[in-house]
Amino acid sequence: MKLWGGRFTKEENEAANEFNASIKFDKELYKQDIKGSIAHSKMLAKCNIISEDMQKKIQRGLEDIEADVSVNKIEFSMDKEDIHMNIESLLTERIGEGGKILHTARSRNDQVALDLKMYIREQFVEIKELLSAIMQTIFEVSEKHKNTLMPGYTHMQRAQPITFGFHMMAYFQMFKRDYKRMENAMDIMDEMPLGACALSGTSYETDRRFLAEELSFSGVTENSMDSVSDRDFAMEFLFVMSVIGIHLSRLSEELILWSSKEFDFIEIDDALATGSSIMPQKKNPDMAELIRGKCGRLNGNLIALLTVMKGLPLAYNKDLQEDKEPVFDSSDTIKKSISIMNMMMQTMRINEDKMHEACKTGFLNATDAADYLVKKGVPFRECHEIIGKIVLYCIKENKCMEEMKLEEYRSFSKVFAEDIYDEISMEKCVKRKNSEGGTGAAAMLIQLEKAKAFLESIN
Ligand code: ARG
């Protein structure tokens, strides 16, 4: 018979039973469920709702179950529907009455909200660690390549010279914000929901603050209805996973482009690339492509839960059972993606010569040449036009600006003098960009110092 079978006259339809059951996937929550139940039993004993002896029995029983589950000794039953009722039934089988008493002053509604919240908090901790590791790698690559020239692009067209370290530090900033996003989310969700019971609280004299302390939350949820209905913490988790995924996918896209023959800026390590079943010469960036592709499921998981939540009346509805699989999948996906990306970043070979070579064509120093004229007193719009004409001339003559003779320059404007060559040297163009956050050596030094301080603050 079902744990809730009292008021029923028929066995549940088999297909309905299977459709209803969540044990296939929510067994992932067994540790959190047991932890929550042990805390609940302690609270019941503290409030004299059960005896100390009974509490000890319950705790021992639950700990034994946990040990057995962790070595795959337990076969969960679909008839018991979900992880909560499976564990409760196992406990009753093992210790008798205590198993039946445990559910006093709680409901599966607050139980499941607690379990998922604890699960997500733990995932955030793990993901923060992985992010901090990849930020460390990016920091090291940036430091090493703070003087490695490469073209910076807009519209995928060569725009201005930058350094590879500077380009990499842009990703550091994205991951730093993701890290902070996780801390914010953890802060907002730091309210313990257990004790809300089905929806309205309980008439037992319970102690929810004690529970919060046992389970390391700073406080308790303030409204029981909200406690069992809210899943915004899960939506936020999925949102943050999506954002991290999108950052990783942009980085992946660049690694894919840069490792193509057309760019040849980097080479992905053999151990992290794959071959073709037909073309012997191929070395494909599959890992980067997969990380890019994983955004599909990350965004899908977010949209799935957002859609489940939309228009759902208070309080608990079974729709909420759909909250778990997206969370499990996104967390698994992001952890693997960050780890693989970290390995790729650690092992990729940087082709400095090719990057430098690419700076020579594309008139990356055109803005600097215009600024040169500005410094000589020509209004910027006129400078823009003069340099535009020079670029057109160079394209026709098939040369770059560094190769133009002074008299050629002077045919466009009498303002040009010998110092133009110094002004448009790629190295100098980069070195001068020292506005806060710029690619210049001095500005980069500050970025690196701040990044280092951030890494120290989180490690
Ligand atoms: N398996 C359920 C879920 O995941 C647990 C809560 C069930 N509560 C209920 N009143 N049926 O949401």
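All values derive from a computational prediction rather than experimental measurement. Every number for a ligand or one of its atoms is a count from 1 in the order of the listing.
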[X], any N or O under 3.5 Å of ligand 1 N or O:
{"X": "Gln321", "result": "yes"}
{"X": "Lys318", "result": "no"}
{"X": "Glu81", "result": "no"}

Pairwise side-chain contact, Phe263 with Ser260, heavy-atom cut-off 4.5 Å (strictly under):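 The answer is yes; the side chains approach within 4.5 Å.
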I'd like to check which ligand 1 atoms, numbered from 1 as shown, lie under 4.0 Å from a non-hydrogen atom of [X].
{"X": "Asn109", "result": "8 (N), 9 (C), 10 (N)"}
{"X": "Lys324", "result": "3 (C), 4 (O), 12 (O)"}
{"X": "Ser22", "result": "1 (N)"}
{"X": "Asp82", "result": "1 (N), 2 (C), 5 (C)"}

Check this for me: Lys31, atom NZ, are more than 12 non-hydrogen atoms of other residues, nucleotides or ligands nearer than 6.0 Å?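 Counting neighbours around NZ of Lys31, 12 or fewer heavy atoms of other residues, nucleotides or ligands fall under 6.0 Å, so no.
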Does the pair Gln55 and Ser41 meet the rule for a side chain to side chain donor-acceptor pair (under 3.5 Å), with working shown? CA-CA 6 Å; Gln55 191 281 323; Ser41 71; 3.0 Å; yes
Measure centre to centre between the rings of Phe328 and Tyr119, then say whether the value is under 6.0 Å.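 Aromatic pair counts; centres sit under 6.0 Å.
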Among protein heavy atoms, which sits nearest to atom 3 (C) of ligand 1, and what does the distance come to when rounded to 0.1 Å?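 Sorting protein heavy atoms by distance from atom 3 (C) of ligand 1 puts Tyr316 OH, 3.2 Å first.
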Specify the protein heavy atom at minimum distance from atom 11 (N) of ligand 1: its residue, its atom name, and the distance to 0.1 Å.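 Minimum-distance protein heavy atom for atom 11 (N) of ligand 1 reads Arg108 NH2, 3.4 Å.
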Under 4.0 Å, heavy atoms only, figure out whether ligand 1 is touched by the backbone of Gln111, its side chain, both or neither.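 For Gln111, there is no contact with ligand 1 at all, from either part.
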One thing to verify: whether Arg60 and Asp64 come together as a salt bridge, which I'm taking to mean a side-chain N less than 4.0 angstrom from a carboxylate O.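 Judged by the 4.0 Å cut-off on N to carboxylate O distance, Asp64 and Arg60 do not form a salt bridge.
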Show your working on salt bridge (Lys or Arg N to Asp or Glu O under 4.0 Å) between Lys128 and Glu183 and close with a plain yes or no. CA-CA 9 Å; Lys128 274 168 61 188; Glu183 287 190 326; 3.6 Å; yes
Lys433 and Asp368: salt bridge (Lys or Arg N to Asp or Glu O under 4.0 Å), yes or no, with the steps? CA-CA 10 Å; Lys433 296 275 166 47; Asp368 293 84; 3.6 Å; yes
